[in-house]
Amino acid sequence: MVQIGRSTAVAPALLAANLLITGTAAHAGPAPDPLGASVEEAVAAKLLGQVSATAAEHTDASETRVTVTRRHGQWAFGTAVALTSQERDVHPTGAIFIARAEAGTWRVSFDGEAGFTELAAESPVVNSQEKRVFGSTPGPRYAGGDYRTGMALPFAVGQTWTMTSGPHGWGGYETPYSSIDLAGGDQVVRAARAGTAYTMCTGWIRVIHDRGYSTDYYHLWSSISVNGAAVSQGTYLGNTGTDVTCGGAATGRHVHFGLRQNSAYVGIAGHGIGKWEFVNGAGAYQGGARHGSAWVGVGGGLYNHGALGLNQAVVDANGGGTLTKRSGPGTGYSVLGSVGDGATVTVSCSANGTSHTGRYGTTSLWNRLSDGAWVSDAYLWTGVNGPVNGWC
């Protein structure tokens with residue numbers, strides 16, 4: 001079960017259509033950029049159009065860094081970063097791009113956009129692994145109340161790190177509160193889920209995952225240099241640090257971890273990462289996270305339980321203790337034992353039964369577990385409003 005009715009704010013510019021800049025059509029094989037605009041200029045113009053109003057106050061148009069890492073004929077691929085000043089609560093804006101010269105124009109698309117998937121499928125500069133990741137269906141943001149990510153926390157499973165800052169914006173106080181700050185442990189930052197990794201700039205790695213998600217890791221020291229490398233959950237990305245090569249500020253070594261979906265930063269609240277559900281506070285940098293009934297606020301330790309499977313749930317007995325298992329979907333069925341608060345269970349299918357009230361409201365949904373027993377969905381966190389694995 002997952003709470004209904006959370007909101008998110010996304011700047012309209014982030015949903016802008018692909019930018020076309022007029023020029024002369026490129027030809028097959030190595031060729032000059034279309035007359036009137038280079039691919040770097042086309043990409044920079046689009047990127048600056050997506051910089052948020054807050055970040056724009058700290059962004060110099062001359063400090064847009066476009067790196068073409070691959071090029072073949074009329075195709076180009078690379079990264080683009082709008083650098084910001086090195087101030088508190090300011091962070092750079094960046095994108096991975098594919099561009100194609102066509103009919104006298106440069107067509108530019110950024111990671112997460114529908115056009116990016118279309119271009120990637122055709123482009124000879126995109127490898128087969130990237131095509132598979134880029135082509136995974138990116139569902140609409142929060143479609144059907146689905147907050148599943150399949151992600152672990154961005155450090156080794158089994159370690160406990162300090163959440164030095166609760167949910168806040170990628171650049172600080174702006175919404176959506178997409179990011180958290182983490183520090184401690186062995187200081188080694190790792191990929192939260194499998195995907196393809198890219199170096200945005202020194203100290204900043206982006207990993208593109210399936211289901212339209214990507215994750216950002218900033219302030220890293222000794223970060224890897226990658227250009228579409230396949231990574232697994234847990235792959236080394238770098239060490240926590242205070243690097244601000246692209247802008248912003250960092251006090252004390254940590255990783256600034258941000259969540260994106262469909263080409264935009266999205267609120268991390270409600271999402272399950274490392275089997276924790278993140279919760280906003282009254283303002284930026286506040287809030288905390290919940291695992292079962294256990295609550296951790298800013299300054300507390302988050303144990304990395306690993307990724308929650310897309311057909312799994314975390315037991316939330318709404319106050320600790322245990323959850324009763326039944327032989328059918330209701331309290332009229334016989335008791336088959338119990339499962340403890342915070343435990344991970346696998347859901348086989350769901351059915352309606354007697355109604356119960358848990359942390360997030362009242363529901364009549366019951367889930368049949370992999371051992372054949374039934375539990376009320378009112379006491380499970382699945383990340384989904386409704387059946388997590390179909391109806392029985």
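Just so it is clear, the structure is predicted and the values come from calculations on it, not from any experiment. In this chain, numbering begins with 1 at the start of the sequence shown. Heavy-atom basis, side chains included; hydrogens, waters and symmetry copies ignored.
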Discussion item. With side-chain hydrogen bond (donor to acceptor under 3.5 Å, both in side chains) as the test, pick out the partner of T215 among R206, H209, R193.
Written reply: H209
Worksheet item: Is there a side-chain contact between T354 and H356 (heavy atoms, below 4.5 Å)?
Response: yes
Fill in: Distance under 6.0 Å and angle within 45° of ring axis: K46 vs F97
no
Discussion item. For S109 and L119: C-alpha separation, side-chain torsions, deciding distance, then whether side-chain contact (heavy atoms from CB on, under 4.5 Å) applies.
Written reply: CA-CA 8 Å; S109 193; L119 288 177; 3.9 Å; yes
Worksheet item: Given W366 and W391, is the ring-ring contact (aromatic ring centres under 6.0 Å, His included) satisfied, shown in steps?
Response: CA-CA 10 Å; W366 281 67; W391 296 96; over 10 Å; no
Fill in: D341 side-chain N/O to A317 backbone N/O, donor-acceptor pair under 3.5 Å
yes
Worksheet item: Would you say I96 and I208 make side-chain contact, with heavy atoms under 4.5 Å?
Response: yes
Item to complete: With ring-ring contact (aromatic ring centres under 6.0 Å, His included) as the test, would you mind laying out the steps for F134 and F116 before giving the verdict?
Response: CA-CA 8 Å; F134 299 159; F116 187 85; 4.8 Å; yes
Worksheet item: In Å, rounded to the nearest 0.5 Å, how long is the span from CG of L308 to CE of M151?
Response: 12.5 Å
Worksheet item: Can you check whether H254's main-chain N or O pairs, donor with acceptor, with H256's side chain at less than 3.5 Å?
Response: no
Worksheet item: Okay, side chain of Y218, backbone of C246: is any donor-acceptor separation there less than 3.5 Å?
Response: yes
Practice prompt. Under the side-chain contact (heavy atoms from CB on, under 4.5 Å) rule, what do Y198 and T69 come out as? Steps first, then yes or no, please.
Written response: CA-CA 11 Å; Y198 302 84; T69 57; over 6 Å; no
Worksheet entry | Heavy-atom pair of closest approach, residues S348 and N389 | O-ND2, 3.1 Å
Worksheet item: Can you find a pair of side-chain heavy atoms, one from I273 and one from F257, that are under 4.5 Å apart?
Response: yes
Item to complete: Check the pair W374, L369 against side-chain contact (heavy atoms from CB on, under 4.5 Å), reporting the backbone distance first and the verdict last.
Response: CA-CA 6 Å; W374 292 78; L369 306 183; over 6 Å; no
Worksheet item: Between R70 (side chain) and N227 (backbone), is there a donor-acceptor pair under 3.5 Å?
Response: yes
Item to complete: Keeping the roles fixed (side chain from T357, backbone from T362), state whether a donor-acceptor pair exists under 3.5 Å.
Response: no
Worksheet item: Using the benzene-type ring in the case of Trp, are the ring centres of W161 and W276 under 6.0 Å apart?
Response: no
Worksheet entry | Residue pair E40 / T64, side-chain heavy-atom distance below 4.5 Å | no
Discussion item. Using modelled atom types and a 3.5 Å cut-off, is there a donor and acceptor pairing between side-chain atoms of Y177 and backbone atoms of A284?
Written reply: yes
Worksheet item: About how many Å separate CZ of R65 and OG1 of T79, when rounded to the nearest 0.5 Å?
Response: 9.0 Å
Worksheet item: Is it true that R211 and D146 have a side-chain N and a carboxylate O under 4.0 angstrom from each other?
Response: yes
Discussion item. For N318 versus G358, what's the shortest heavy-atom pair and its separation?
Written reply: ND2-C, 3.7 Å
Item to complete: Search all heavy atoms of A191 against all heavy atoms of V231 and return the closest pair with its distance.
Response: CB-CG2, 4.2 Å
Practice prompt. Please report the closest heavy-atom contact between F77 and V125, naming both atoms and the distance.
Written response: CB-CG2, 3.8 Å
Practice prompt. For residues H219 and H91, establish whether the separation of their ring centroids is below 6.0 Å.
Written response: yes
Worksheet item: Stepwise, does the side-chain contact (heavy atoms from CB on, under 4.5 Å) test hold for Q312 with T382?
Response: CA-CA 6 Å; Q312 292 185 318; T382 62; over 6 Å; no
Worksheet item: Aromatic ring centroids of W381 and H291 under 6.0 Å?
Response: no
Item to complete: Hey, could you give me the CG/OG1 distance between D111 and T117, rounded to the nearest 0.5 Å?
Response: 9.5 Å
Item to complete: Any chance you could measure Y360, atom OH, to N385, atom CG, to the nearest 0.5 Å?
Response: 11.0 Å
Item to complete: Is it possible for you to say whether V345 and L336 belong to one hydrophobic cluster, with membership spreading through side-chain heavy-atom contacts below 4.5 Å?
Response: no
Item to complete: Compute whether any side-chain donor of one residue and acceptor of the other, for S334 and S327, lie under 3.5 angstrom apart.
Response: yes
Practice prompt. Indicate, with yes or no, if the rings of F278 and H271 have centres closer together than 6.0 Å.
Written response: no
Discussion item. In the structure I gave you, are the side-chain heavy atoms of T93 and L48 within less than 4.5 Å of one another anywhere?
Written reply: no
Worksheet item: Is the side chain of Q74 donor-acceptor paired with the backbone N or O of E102 at a distance under 3.5 Å, no angle test?
Response: no
Worksheet item: In Å, rounded to the nearest 0.5 Å, how long is the span from CG of L302 to OG1 of T160?
Response: 8.0 Å
Fill in: Under 3.5 Å: donor-acceptor pair, side chain of T240, backbone of V255
no
Worksheet item: Side chains of S338 and K325: do they bring a donor and an acceptor to under 3.5 Å?
Response: no
Worksheet item: Between H72 and P124, which heavy-atom pair has the shortest distance, and what is it?
Response: CD2-CG, 3.7 Å
Item to complete: With the side chain counted from C-beta on, respond yes when L220 and N239 share a heavy-atom pair under 4.5 Å apart, and no when they do not.
Response: no
Worksheet item: Any donor-acceptor pair under 3.5 Å linking the side chain of T162 with the backbone of T164?
Response: no
Item to complete: Taking the side chain as every heavy atom from C-beta outward, state whether R368 and C349 have any pair of such atoms under 4.5 Å apart.
Response: yes
Practice prompt. Nearest 0.5 Å please: distance from the CG atom of L380 over to the CG atom of D316.
Written response: 8.5 Å
Fill in: Check: R253 side chain, G241 main-chain N or O, donor-acceptor pair, under 3.5 Å
no
Worksheet item: Should V384 and Y147 count as side-chain neighbours, where that means a heavy-atom distance under 4.5 Å?
Response: no
Worksheet entry | Nearest heavy-atom neighbours spanning W295 and G287 | CZ2-C, 3.9 Å
Worksheet item: Do D377 and T363 meet the criterion of a side-chain donor-acceptor pair at a distance under 3.5 Å?
Response: no
Fill in: salt_bridge(E118, R107) N-O dist < 4.0 Å
yes
Item to complete: Report yes or no: is the cationic atom of R260 (NZ for Lys, CZ for Arg) under 6.0 Å from the centre of the six-membered ring of Y265, at an angle within 45° of the ring normal?
Response: yes
Practice prompt. Would you mind checking if R359 and E277 are paired as a salt bridge, meaning a charged N to carboxylate O distance below 4.0 Å?
Written response: no
